[in-house]
Amino acid sequence: MEPKYRLELIGITYNQIESGVYALILQQVGTQRRIPIIIGFPEAQAIECKLQDIKVPRPLTHDIMIDTLQSFGIYLESVMIKKLPNGVFAADLYLTDGFNIKVIDARSSDAVALAIRANAPIYTTEDVLMEAGFDPTERTRENTFSEESSKSKSQDTYSPSFNRMTLEQLEQAMNEAVENENYEQAARIKAEIEYRKK
């Protein structure tokens, strides 16, 4: 069996040049080697809501999936990120009832969204790390994945309008964003609130 390497989710970046394009950044545990996976807005929103611990009025699709599985005594044991021959990332979900393990094919973004909700480990292979991974300390400016135009959403929370708002106004704006299902904006506001409370 091919060795597997544990990954951790370190954030999501937004490409300001190409609207609606996000990159999920996974990093090999214990190293600086990273894998960027391009995802769409809905998937980024689902992951960001969990990362920022946004309380939504109704459960999101990935929350429903985890709750449904667990109600039948099935748990997500782990996720394996793989790369298909056409260059697209995919994943295997390893589901267990405590006795048997079933492997289900999934999109990598959905797999990560489920894994962070189930506290399940994320793995990949050496081949994927070598082919798609990079070490930011070894990269040149020319090869950087939109580093000048993309910033981590966990760090890029500043908005000119935020600095004019009180904490009470920010919390109200966050609640309104959640009610309107604008979870991306809610996550940004929540990050600003947490920054001020530090």
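In what follows, residues are counted from 1 in the order of the sequence shown.
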Quick check: closest heavy atoms across [X] and [Y], and the distance to 0.1 Å?
X      : Y      : answer
Leu9   : Ile25  : CD1-O, 3.6 Å
Thr125 : Tyr5   : C-CD1, 4.0 Å
Ile81  : Ala91  : CD1-CB, 4.1 Å
Ala111 : Leu93  : CB-CD2, 3.6 Å
Leu76  : Ala118 : CB-CB, 4.1 Å
Ala120 : Glu77  : CB-O, 3.9 Å

Euclidean distance, [Y] [atom2] relative to [X] [atom1], rounded to 0.5 Å:
X      : Y      : atom1 : atom2 : result
Leu60  : Ile54  : CG    : CD1   : 10.5 Å
Ile12  : Ser109 : CD1   : OG    : 10.0 Å
Leu114 : Leu69  : CG    : CG    : 8.0 Å
Leu24  : Ile35  : CG    : CD1   : 10.0 Å
Ile47  : Asp110 : CD1   : CG    : 8.0 Å
Glu48  : Asp53  : CD    : CG    : 12.0 Å

Next item on the list: Look at Asp105 together with Lys82 and state whether they make a salt bridge at an N to O cut-off of under 4.0 Å.
Entry: yes
Next item on the list: Identify whether the distance between the nearest side-chain nitrogen and carboxylate oxygen of Arg34 and Asp135 falls below 4.0 Å.
Entry: no
If we ignore hydrogens and angles and just use 3.5 Å, is the side chain of [X] paired with the main-chain N or O of [Y] as donor and acceptor?
X      : Y      : answer
Glu131 : Val128 : no
Thr96  : Asn100 : yes
Gln27  : Thr31  : yes
Gln70  : Asp67  : no
Ser78  : Tyr94  : no

Quick one: do [X] and [Y] end up in the same hydrophobic cluster if we chain Ile, Leu, Val, Met, Phe, Trp and Tyr together by side-chain heavy atoms under 4.5 Å apart?
X      : Y      : answer
Tyr75  : Leu95  : no
Ile104 : Met65  : yes
Tyr123 : Ile101 : yes
Met130 : Phe134 : no
Phe89  : Phe41  : yes

Next item on the list: Name all pairs fulfilling the salt bridge (Lys or Arg N to Asp or Glu O under 4.0 Å) condition that reach into residues 115-127, sequence neighbours left out, sorted by first residue then second.
Entry: Asp63-Arg117
Item checked: From CA spacing to verdict: side-chain contact (heavy atoms from CB on, under 4.5 Å), Ile39, Ile37 -> CA-CA 6 Å; Ile39 61 175; Ile37 300 175; 4.3 Å; yes
Side-chain heavy-atom pair [X], [Y] within 4.5 angstrom cut-off:
X      : Y      : answer
Arg107 : Glu43  : yes
Glu8   : Ile122 : no
Leu129 : Thr124 : yes

